[in-house]
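Here the structure is laid out as structure tokens; the discussion comes afterwards.
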Protein chains: 4
Amino acid sequence: MRLGDIIFICDVQNRRLTNGFKLTRVGVTGVMKPVKIKRPDGDNVLTCYIDIFVDLPSDQKGSHLSRNLEAVAEMVDESVARPVSGLEMLTAMICRTLLDRHEYASYAEVRATADYFSERSGPSGKVTLEPFKLISKATARRGNGMTKSIGVEVIGMTACPCAMETVKQTMGEEGYEPGDFPTISHNQRNVSSVLMEVPEEFDVEADDLISIVEDSFSSPTYELLKRGDEGRVVRKAHENPKFVEDVVRDILGRILARYQELPDDVLVTVRSESEESIHKHNAFAEMVTTLGELRSG
Amino acid sequence: MRLGDIIFICDVQNRRLTNGFKLTRVGVTGVMKPVKIKRPDGDNVLTCYIDIFVDLPSDQKGSHLSRNLEAVAEMVDESVARPVSGLEMLTAMICRTLLDRHEYASYAEVRATADYFSERSGPSGKVTLEPFKLISKATARRGNGMTKSIGVEVIGMTACPCAMETVKQTMGEEGYEPGDFPTISHNQRNVSSVLMEVPEEFDVEADDLISIVEDSFSSPTYELLKRGDEGRVVRKAHENPKFVEDVVRDILGRILARYQELPDDVLVTVRSESEESIHKHNAFAEMVTTLGELRSG
Amino acid sequence: MRLGDIIFICDVQNRRLTNGFKLTRVGVTGVMKPVKIKRPDGDNVLTCYIDIFVDLPSDQKGSHLSRNLEAVAEMVDESVARPVSGLEMLTAMICRTLLDRHEYASYAEVRATADYFSERSGPSGKVTLEPFKLISKATARRGNGMTKSIGVEVIGMTACPCAMETVKQTMGEEGYEPGDFPTISHNQRNVSSVLMEVPEEFDVEADDLISIVEDSFSSPTYELLKRGDEGRVVRKAHENPKFVEDVVRDILGRILARYQELPDDVLVTVRSESEESIHKHNAFAEMVTTLGELRSG
Amino acid sequence: MRLGDIIFICDVQNRRLTNGFKLTRVGVTGVMKPVKIKRPDGDNVLTCYIDIFVDLPSDQKGSHLSRNLEAVAEMVDESVARPVSGLEMLTAMICRTLLDRHEYASYAEVRATADYFSERSGPSGKVTLEPFKLISKATARRGNGMTKSIGVEVIGMTACPCAMETVKQTMGEEGYEPGDFPTISHNQRNVSSVLMEVPEEFDVEADDLISIVEDSFSSPTYELLKRGDEGRVVRKAHENPKFVEDVVRDILGRILARYQELPDDVLVTVRSESEESIHKHNAFAEMVTTLGELRSG
């Protein structure tokens, strides 16, 4: 550090206030960074969008926001040599650094999202590279541990069970024989997400969460569907008609089955939103809960 | 005007440049204003989002942007007493004012959009208030007249004819009898728009354009569908399976039929985008043309 | 109701589940409606964007979403004859109706936003119509009352106190005399919001909240600034340099002073985000608290 | 290819129409793909957002959209082994493939954007990784060559020359001595872009375009500014006050100087938009031109 630098230290942030208010979150939003993340099939550089906060005591004028950026920049630099093992590890590591650097803070919070690509086999086995979104959040309280969560946002397809039933009634009344083949309904693009706390000694893989969400749609969707595959996806969706409520519950059920070893206090948030094809608005379902509540449910 | 005001006139914009470049569009974007617009069933106050530009000669440093805001503010004030007859009249009137006020400009361009609500009768006659978007654009060249365009953006539903055909083949091979009742396919939310030039002595009603677009979907969509209505919309959509290409062409065909008296040089832009339910990306079709080309088509 | 309608009642939603999960929120998002709202200076038709949810017990397959749309449509129809007294009254009224209609629900939640325009006098008294956003949220628990909140989102301007200080140091070192006139700093567009619970017998006016937020910026901003007004706004902002932290605290202080009669358990959320001109990311501050906590400071 | 596949070929798209209309663009939008791109300092995997279109003759019902996805997927696969030399090469290569596969098409168009990171040295030499956006567009006409364009979108800072002048006048009137040190003004985040045609035998580097845009702001912006650097950026911006008009013209001037060897018919589009700190709307300037027009300017 050169002497000239010292002179320039801006200490407006450090000014003492006598009638200030404590603030819950002070920081920066929309920071973009490429981060190297370890994946089973080779390291991946993900473009991350990161929000970084600490709290602020009532007697301090401002938070030193540049420290947040330093914390991120160091993680990114480090990831080049040693890829982080997951987006939730990145947010957790930044959280820890924040409490080290903001000596006045008692709370730190970091949120990140990233586009992520993973191979999927379509109905007839053709492999395509599908886009997903990773979500992560970490919080830390000084002297009181840390929580970190990993999640995914997945696009899929829902076919409506109610309209299908209504159509079947109409067919019956008009003398049509619905038969075993699935009946028409409205179907649409659905965006579902799960965010799940990951306790210290445990591991939750984003890839597993993606599979859990995909399996809970009426059907997953694919970028490239040739020939009969398009028909097979349509048929599968109509053989598994689902409300957004069903999608959320099926995700919750699969999470219970998959993560039996995780403790009861693990927080889980599951959301499903359908861009209804027969309406101009969306259908939405959400569950905010703990594994314990689900188990006793 | 007080003397103090004159002193403050900022004439940086008026500075002469010797090696400047002419600029195509200089102005303001994202101006929000409530405008009173005349509708068949009573006046409507629409929240408008407006972009306002003029060109700039190579020897002038800056455009006087506050004049653009004055032009808008006056139209809005005037509309309280005398509602404008349409969004395209608003953009045209602002365009004319721009050339008056920017004495250095040879070109003016104004674009506006507005949320708009109109009543629709569902399949069983129940009336709902549906949201649409109005679009308008006006351009003026000094000493060379003006063009104004009116358009609409409408949300509807498309069912895919290709997947339906593929499913029928599968049914046949598996011994199912497709019968007369429509077969399953993928269907989805579709957003289609039309923007159409309106020559000076003619009239094009946004409400007519909305009907033209709605009639070109596999089915229009409704906010409130009770009981059998949901099934009726689904059935209608599957009895009219359409690609985005079909939607655009059907809109074009209806425009030709409806506006036979409009001259050949009228510009028409039609777009249709489906939020594919079986893909994570969208399907898109567009035609940029003139009525003359369509007629000789 | 015709007999044919009864036959078509789709009761898939009513199906009993034995191993379902309770869901926190099930409903519709993105419903758009024009609502007539009472204002001091005449009724205003606001375009509202509304999300409408109830909870769902574990043993019921689906929520009857069309009832949400009916609840909204009736409020809108009623508002034509009897304008609602505020956006928070609209969300509260829909909430109440939801619990009436979803007999299986124990919780209802409605959120709404709307563009809103209000006149403001610029530095030299010129009146302009400025855009704001109204925010509202209501929740109801069956047999346990209701909460309703009203809020606003306002765009303003912040000038940075830290950079100003740093620049002053540089000036001093280079032999410049900063003097009494404000020194350069970075300044930028800031978006701040406040959402405040409104207890049953009390009244909180959105217009007052807008003023509170505007007064807490370095300077409010205006659509139309002629001549010296632009300089006056710039000067005012630099005479009141503020971090996002300062904006949040000043809003909180003004709320305490203005609403002394409101009880301690009133929830308040205040946010301020600056689109930093010297960075590509934003600065952000937030306080989620109660009036009681603020008072005990 | 298995026999079963042939049966499933959906030929609805191939159906002949007698009264169809030609369509300008039919294809897919919002396709996301990670593409390996060659950079001076090592290969970069960029997340690309791609739109892919061909035209459609009047007598064919539909375009085979899956061919667009195949074209993209192959480029992506190939890029793993042989990184493409730039985003404009990617779009050009997909364009060429499109005309091969859509035998009925006479026109192909591909647009792509990608987040991109590049190191920048702040005022005191500290290196940060800054986010930029790459833009590309390619079009091809059968038997008539191809055009490809490369562009960038860069975030920077503008300080207003007009408000600065107005403030100086006020200072003078009030007896302040403005002196040599820059006077306060409003400054704000600015987003500027340039898109430039790249003729066949020439090369235009995105990194050069980024530098050209950055040099044309009042000041570039940085993620991490410690101590005096914040003051230095603020000072630099106020020593180079610029309208959006100035930014566009300075970019144009630098392009002329930098690309003297490029032919006259090269298309150039330059845009600059300032998120005005003293207004709620944006200021905007644009030039759509050719190098020839600029040279004769």
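Fair warning: this is a prediction, and the values are worked out from it, not measured in the lab. Every heavy atom of this structure was used, including side-chain atoms; hydrogens, water molecules and symmetry mates were not. We name chains A, B, ... by the order of the sequence lines, and we start the count at 1 in each one.
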*Relative to chain D, which segment of L252(B) carries a heavy atom at a distance below 4.5 Å: side chain, backbone, both, or neither?*
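For L252(B), backbone and side chain are both near chain D.
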*Can you tell which part of L256(B) gets under 4.5 Å to a heavy atom of chain D, answering side chain, backbone, both or neither?*
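Looking at L256(B), just its side chain touches chain D.
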_E109(D) bridged to R111(D) by N-O distance under 4.0 Å_ =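 Salt bridge: yes.
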*Closest heavy-atom contact between Q260(D) and R295(D)?*
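Looking at all heavy atoms of both residues, the shortest contact is O-NH2, 3.6 Å.
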*What's the shortest heavy-atom distance between L17(B) and S58(B), and which atoms?*
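Between these two residues, the closest heavy atoms are CB-O, 3.8 Å.
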For [X], is it the side chain, the backbone, both, or neither that has a heavy atom closer than 4.5 Å to a heavy atom of chain B?
X       : value
V248(D) : side chain
E273(D) : side chain
L65(D)  : side chain
Q60(D)  : backbone

Can you find a side-chain donor-acceptor pair between [X] and [Y] that sits under 3.5 Å?
X       : Y       : answer
S63(D)  : Q13(D)  : no
D265(D) : T290(D) : no
S274(D) : N190(D) : yes

*asked:* For the interface with chain B, which of L69(D), V270(D), V244(D) has the highest count of heavy-atom pairs at distances below 4.5 Å?
replied: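 Most heavy-atom pairs under 4.5 Å with chain B: L69(D).
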